[in-house]
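Computation of the quantities below employed the complete heavy-atom set of this structure, encompassing side-chain atoms and omitting hydrogens, waters and symmetry-equivalent molecules. Chain letters run A, B, ... following the sequence lines, proteins first and then strands; every chain starts at 1.
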Amino acid sequence: MNIVIEGKSIEIAAGSSCAEAFKAALSGKAFKACVAARAGEDLLDLSSPVPSAVLDGHQSLSPVTLDSPEGLELLRHSTAHVMACAVQRLFPKTKVTIGPAIDKGFYYDFDAVRPFSVEDFPAIETEMRHIAKAALPFARREVSKEEAIRFFEAKGESYKVEIIREIEADTVSLYELAEFTDLCRGPHLPHSGFVKAAKLLSVAGAYWRGNEKNKMLSRIYGTAFADEADLQKYLHQLEEARRRDHRKLGRELDLFDFHEDVAPGMVFWHPKGMLVRTILEDFLRKEHLKRGYELVQGPQLLRRELWEKSGHYDNYRENMYFTEIEGDAYGVKPMNCLSHMLIYGRTLRSYRELPVRYAELGVVHRHEMSGVLHGLLRVRQFTQDDAHIICRPDQLEDEIIGVISLVRDLFNLFGFNYRLGVATRPEKYIGTPEAWERATTALIKALERLDLPFVINEGDGAFYGPKIDGRVTDSLDREWQCSTIQCDFTLPERFDLCYIGQDGERHRPVMVHRAILGSLERFIGILIEHCAGAFPVWLAPVQARIVTVTERHDETALRARDFLQRQGLRAEADLRNEKLGYKVRAAQLEKIPYVLVIGDKELESGEVNIRLRGGETLGSMSLEATAARILADSDQPFTQGGMHYRFS
RNA sequence: GCCCACGUAGCUCAGUCGGCAGAGCGCGUCCUUGGUAAGGACGAGGUCAGCAGUUCAAUCCUGCUCGUGGGCUCCA
C-alpha cells in the first residue's frame, strides 16, 4: 500500500505501525525526534498500526516531535506516569487517581498515607531519573471494562475502579510502565528515555474531583521539557516573574503596603503610589469628559431598603458590609449603580437628553473570602472606573461602540494583551428572550463594526443581561478580568427609570454598566508587573532626579529642580553627602526615568548631563531642552495637548 | 474552609542537633568633597508572630491560635 508522509510517497505493508511507516519515510535524525503520530485530529502512539483512514487516503499521517506543543503535552503526561511509578515504588501504600498534563507542566493526585511535602521531592526525582535512564517502554493494552475493574480492584486502586465504572465504552486502555499500570487514554511517548529534563515544583491539597465534600488528595505539580536548556529557560522565567511581583515592587518602590492585622485586603497607599494613582485618575476623568461622560458621586452608605429594592440584598448580601445608624440598617455600597439611577430618576427626562453617561471613580467594598486575597489583585476595598449609560434602545449599539473603543484605546496605551468575550443568556435569566436577543446582537455588531476579535462564552451572562468581558494577562501568565460591559434589563425596571419619547409617552431606557480598567487597585498591580516597576514617564512618580557631585553644586541643583517643577515636571534633587555612583545607583533602583547630573563642568556650561533609566548617558543639554524632552516623553498618543500632570 | 510551606531588626535573610540573638542593606552621627550601579568609622535598632505545654533552661521540641505564600472546576 502507498501512503504519503511529509510529501514523500512510501510503500508500506498491511498492518504496519506508525513507527515503521515513519522509519521508511524519515531520515534517521528526524525519526529519532519523533515521539508520536498525528492522523487528522488524533494523536497516536508510534507503536499503533497506521489507521485505515490514512491507508485509504482520507487522512494524512504526520510525525509529532518532542518539542512541538503536542509533543510537550505527551512528554508531560508521560512524565506524570513516570512520577506515579516512582511514588509507588517509594511509598507502596499510595493510591493513584489522575495525572494530566496542564498548561506548563503536569500534576498527579495521590491518596497517600501522609500528604507529600517538598522534602520528598529529591527521593522521588532520583527514582524518576532511574526510570528515565532505563528507557522503559510505555506499552498500551486494551481490555474489557470488567477485566480492568478486576485488575485495579486486585491492586486496591479504588479511584481507578470508580473512574472505569463511569466510562461508557466497552473497552478501556491501560498503559504499562515497568510494574506500574495506569488506566489512560494515551497516547504516550515510546519509552521513558525521553524524560530527560523534568522537575517537581510544588505540592498542594486538591479534592478528589474538585469537590470539597470529597477526600483531600495530595497533588504534586511538576514540569518537563524536551531538554535541559528549555527547562532552565522556563525556571528562569518563573524567577523573573517573581522578581516582578507587584507586592515585592510595591514595597521596594515604596508605593503601597498592607496592614493585615488591622485591615486585611485593604490598601494603604504611600505617597509615591498615591501619586501614580492620582495621575491615573486625573487622566481617566479627563478622558471620560472628552468622551461625553459626566462625573457624579454618590454616598458610601445607603439604606438597606434600597439594596432590597435593587435585589442586591437577596443575591449579594454575603458579600456586603452592613452597619446601623440611629436604629436604621445601612449597607456599604458594593457597586455604584444605585446612586447613578437615583440621580437620573430625580427629574423627568426627554428622549432628547439621552444618552446620559454618568461616570464615577467609585470606592466599593466587597467581602471576599480571606483565602483569595492577593496583593492589589484581589482586595476587599477598591475603586472602580465605573460608569452607567442610560440610553434609548436604538442608541445601544453606538454606545457599546464608544465603550469598546475606550477599552481598546486604554489597553493599547498601556501595551496590554487583552481578550474580549461576549457572554450570552444563562439558564436562569430575567427579561424577555427578545430583549436578550436585541442586546446580544448589539454587543456582537459593535465588536464586528470595530473589527475586534472576540469569543462567545455561551450562557456566561449575568442573570440580568448579556455582557462583554475584557481580560488582560499578567507577568505570571494569569488572566485577570478588568473590563466589563453589561446590559441590564432589571434595574431600570425595578427603579422605574423612564424617558418621554417623541410620542409623548413614557418609555423604558436601557442601562449599560461598564468599567474599563475595572479596579484601579488591580489595574495598577498588573501594570506594575507589566512594566517591572519602571512606569512610563507620564505615570512615573518621580520623572527626573537631579544628582550633584559635591555640595558645591547644591544651589544650582535646587534652582534646576525649581525650574523643572515650574515646567510641570515631577523633579527632585538628591543632595546627600554620597558619591555620585551611589546616588546614580539609588535613582536607578528607584527606576526614575531621567537622572540629571550636575558637577563642576555643568556649573561652568549651565547645562545638565542626562542619564536615562536604561543606563545610557545622553551628554549635556540646557535645562530648557531637557524639560522639553521629558515633557515630550510624557505625552499620550491620544491625549495630545496638556495631558501631563503638573505641579501647580 | 481544606492541603503543603513559612513567620527572627524597617527590608532581605543567616542561626542555635535546647544554654547571653547575627549579617548585609536601610536609618543616625562623624570623617571624606567624590564624575554615571555601593568611600570609611562608630552607633541605634529584636517580647525570635501570639498563647499554652515539656524542660534546670525554649527563638529552637509539642500543641493550639493568628497571619503570610502556593494550591484546591485543566478530569481515564
Point to revise | A/K579 side-chain proximity, nearest of B/U36, B/G34, B/C3 | key: B/G34

Exercise for review: In whole angstrom, give the distance that lies between atom CG of A/L201 and atom P of B/C74.
Suggested key: 18 Å

Check your understanding: In residues 596-621 of chain A, what residues come within less than 4.0 Å of RNA chain B, judged by heavy atoms?
Key -> A/V597, A/G599, A/D600, A/K601, A/E602, A/N609, A/R611, A/T617

Point to revise | Test item: A/E125 side-chain N/O and A/L200 main-chain N/O as donor-acceptor pair under 3.5 Å | key: yes

Tell me which donor-acceptor pairs under 3.5 Å the side chains of residues 80-96 of chain A have, and how far apart each pair is, sequence neighbours excluded?
| from | atom 1 | to | atom 2 | distance (Å) |
| --- | --- | --- | --- | --- |
| A/H81 | NE2 | A/H188 | NE2 | 3.3 |
| A/Q88 | NE2 | A/T94 | O | 2.8 |
| A/Q88 | NE2 | A/E157 | OE2 | 2.8 |
| A/R89 | NE | A/E179 | OE2 | 2.8 |
| A/R89 | NH1 | A/E127 | OE2 | 2.9 |
| A/R89 | NH2 | A/E179 | OE1 | 3.1 |
| A/T94 | OG1 | A/F91 | O | 2.8 |
| A/K95 | NZ | A/S158 | OG | 3.0 |

Point to revise | G-U wobble or Watson-Crick pairing nucleotide for B/G46 (cut-off 3.5 Å, both distances) | key: none

Point to revise | Minimum-distance nucleotide (side-chain atoms of A/S117 versus B/C74, B/C75, B/A5) | key: B/A5

Review point. So, A/D460 and A/K467, do they make that salt bridge, N to O below 4.0 Å?
Key: no

Exercise for review: Mind running a 4.0 Å heavy-atom check of residues 150-163 of chain A against RNA chain B and sending the residues that fall below it, in number order?
Suggested key: A/K160, A/I163

**Study point:** A/K104 side chain to A/T223 backbone, donor-acceptor under 3.5 Å
**Key:** no

Practice item. Would you indicate which nucleotide in B/C72, B/C4, B/A37 comes nearest to any side-chain atom of A/Y221? Key: B/C72

Point to revise | OP1 or OP2 of B/G70 under 4.0 Å from side-chain N/O of A/H374 | key: yes

Point to revise | Residue list, side chain to side chain donor-acceptor pair (under 3.5 Å) with A/E590, at least two apart or on another chain | key: A/R545

Nucleotide N/O to protein N/O under 3.5 Å, stretch nucleotides 23-30 of chain B:
| from | atom 1 | to | atom 2 | distance (Å) |
| --- | --- | --- | --- | --- |
| B/G26 | OP1 | A/Y582 | OH | 2.7 |

Revision key, fill the gap. In A/H246, A/R243, A/R244, the residue satisfying side chain to side chain donor-acceptor pair (under 3.5 Å) with A/E529 is A/H246

Exercise for review: Between B/G35, B/G71, B/G39, spot the one nearest the side chain of A/E578, thanks.
Suggested key: B/G39

**Study point:** Least distance between heavy atoms, A/F382 atom then A/S519 atom
**Key:** CD1-CB, 3.4 Å

**Study point:** A/R251 NZ/CZ over A/F256 ring centroid, <6.0 Å and within 45° of normal
**Key:** no

Practice item. Output every pair passing side-chain hydrogen bond (donor to acceptor under 3.5 Å, both in side chains) with a member in residues 265-275 of chain A, not counting sequence neighbours, ordered by first then second residue. Key: A/D254-A/H270, A/D257-A/H270

Check your understanding: Taking for each residue the nucleotide of RNA chain B bearing the nearest heavy atom, is the 5' side occupied by A/I167 or by A/Q588?
Key -> A/Q588

Check your understanding: Within the structure, does a side-chain N or O atom of A/Y107 lie under 4.0 Å from either OP1 or OP2 of B/C75?
Key -> no

Check your understanding: Does the side chain of A/R247 get closer than 4.0 angstrom to OP1 or OP2 of B/G70 through an N or O atom?
Key -> yes

Review point. Does A/T548 reach the main-chain N or O of A/E551 with its side chain, forming a donor-acceptor pair under 3.5 Å?
Key: no

Review point. Between A/Y108 and A/F106, is the gap from one ring center to the other below 6.0 Å?
Key: no

Review point. On RNA chain B, nearest-nucleotide positions of A/A169 versus A/F116: which is more 5'?
Key: A/F116

Check your understanding: B/C72 phosphate, OP1 or OP2: any side-chain N/O from A/R209 under 4.0 angstrom?
Key -> no

Check your understanding: Taking atom P of B/U33 as reference, at what distance in whole Å does atom CG of A/L575 sit?
Key -> 18 Å

